[in-house]
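Let me begin by presenting the structure, written as C-alpha cells, before commenting on it.
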Amino acid sequence: QVQLVESGGGLVQAGGSLRLSCAASGSIFAINAMGWYRQAPGKQREYVATITSGSSTNYADSVKGRFAISRDNAKNTVYLQMNSLKHEDTGVYYCNADIKSSSGSYYYNYWGQGTQVTVSS
C-alpha cells in the first residue's frame, strides 16, 4: 500500500517561512512527478508547484519567487520551502505524486492527507 504523509505545517506570521515535507512510503518501484496543491477555506483546491523526476520545476504565478520545491529521490520525499508568506497563503497543503508500485504496471496518482498552514496578518 502506497501512501503520502505530509508534515511541517503550522502557524506563522506574515513574512515568515515554513518548510513542508511529504514522504512516500510502501512498496514503491518508481516515482514520477511530485507536487503540492492547496485549498483555502471556501475555495477550490489549487495548484502550487510540481517537480519532475529529473528535477524540472514549475510554479503557480502566485508563489513564484517565494516558494521553492525540491525532492530527495533516495528518501522518496518532496519538500516545499515557503518564504515571505502572506495571509492569502493560508490553507491546507496537499502532496501529490505519480507512483508505480512494486506490483503494478502503471503509474497511479496519490494524494496525502494534507497539512494546515496558517499565516497571520
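Computed over heavy atoms, backbone and side chain alike; hydrogens, waters and symmetry mates excluded. Quick caveat, the model's predicted, so the values are computed rather than measured.
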ask   = Are Y106 and F29 co-members of a hydrophobic cluster defined by side-chain heavy atoms under 4.5 Å apart?
value = no

inquiry  = Do T90 and V117 have side chains that approach each other closer than 4.5 Å (heavy atoms only, starting at C-beta)?
reply    = no

ask   = So, is the end of the R38 side chain (NZ or CZ) under 6.0 Å from the ring centre of Y94 and within 45° of the ring's axis?
value = no

task = Please name all residues satisfying side-chain hydrogen bond (donor to acceptor under 3.5 Å, both in side chains) with K43, sequence neighbours left out, ordered by chain then number.
result = none

request  = Can you measure from CD1 (I31) to OG (S53) and round to the nearest 0.5 angstrom?
outcome  = 10.0 Å

key: Test side-chain contact (heavy atoms from CB on, under 4.5 Å) applied to L85 and L18, step by step   = CA-CA 8 Å; L85 282 161; L18 280 175; 4.2 Å; yes

key: Rounded distance (nearest 0.5 Å) linking atom OH of Y110 with atom CG of N96   = 11.5 Å

remark   = Distance col, row S62:OG vs E46:CD, nearest 0.5 angstrom, shows 5.5 Å

key: Flag side-chain contact, heavy atom, 4.5 Å: E6 against L4   = no

request  = Rounded to the nearest 0.5 Å, what's the gap from OG on S56 to CD1 on I51? Could you check?
outcome  = 8.0 Å

key: Non-hydrogen side-chain atoms of I28 and N76 separated by less than 4.5 Å   = yes

task = Name all residues meeting the side-chain hydrogen bond (donor to acceptor under 3.5 Å, both in side chains) criterion together with D61; count only those two or more places apart in sequence or in a different chain, and write none if there are none.
result = K64

ask   = Do you know the tightest heavy-atom contact between V2 and S101?
value = CG2-CB, 4.2 Å

key: Separation between NZ of K75 and OG of S25, rounded to the nearest 0.5 Å   = 15.0 Å

query = Restricting to pairs with a member in residues 43-93, which pass ring-ring contact (aromatic ring centres under 6.0 Å, His included), not counting sequence neighbours?
reply = Y37-Y47

key: Listed partners of N83 passing side-chain hydrogen bond (donor to acceptor under 3.5 Å, both in side chains), at least two apart   = S17, Q81

request  = List the steps, then state whether side-chain contact (heavy atoms from CB on, under 4.5 Å) holds for L80 with V48.
outcome  = CA-CA 10 Å; L80 186 68; V48 176; 4.2 Å; yes

query = Taking M34 as the fixed residue, which of V78, T52, T77 is the one that meets the side chain to side chain contact (heavy atoms under 4.5 Å, CB included) rule?
reply = V78

request  = Would you indicate whether the side-chain heavy atoms of Q3 and W111 approach each other to under 4.5 Å?
outcome  = no

query = Looking at side-chain heavy atoms only, is the closest gap between M82 and L20 below 4.5 Å?
reply = yes

request  = May I have all residue pairs that pass side-chain hydrogen bond (donor to acceptor under 3.5 Å, both in side chains) and include part of residues 26-36, sequence neighbours excluded?
outcome  = none

inquiry  = Listing request: all salt bridge (charged side-chain N to carboxylate O under 4.0 Å, His left out) pairs with a residue in residues 65-74, at least two apart in sequence or in separate chains.
reply    = R66-D89

message = Quick check for you: to the nearest 0.5 Å, what is the distance between T118 atom OG1 and L11 atom CG?
response = 6.0 Å

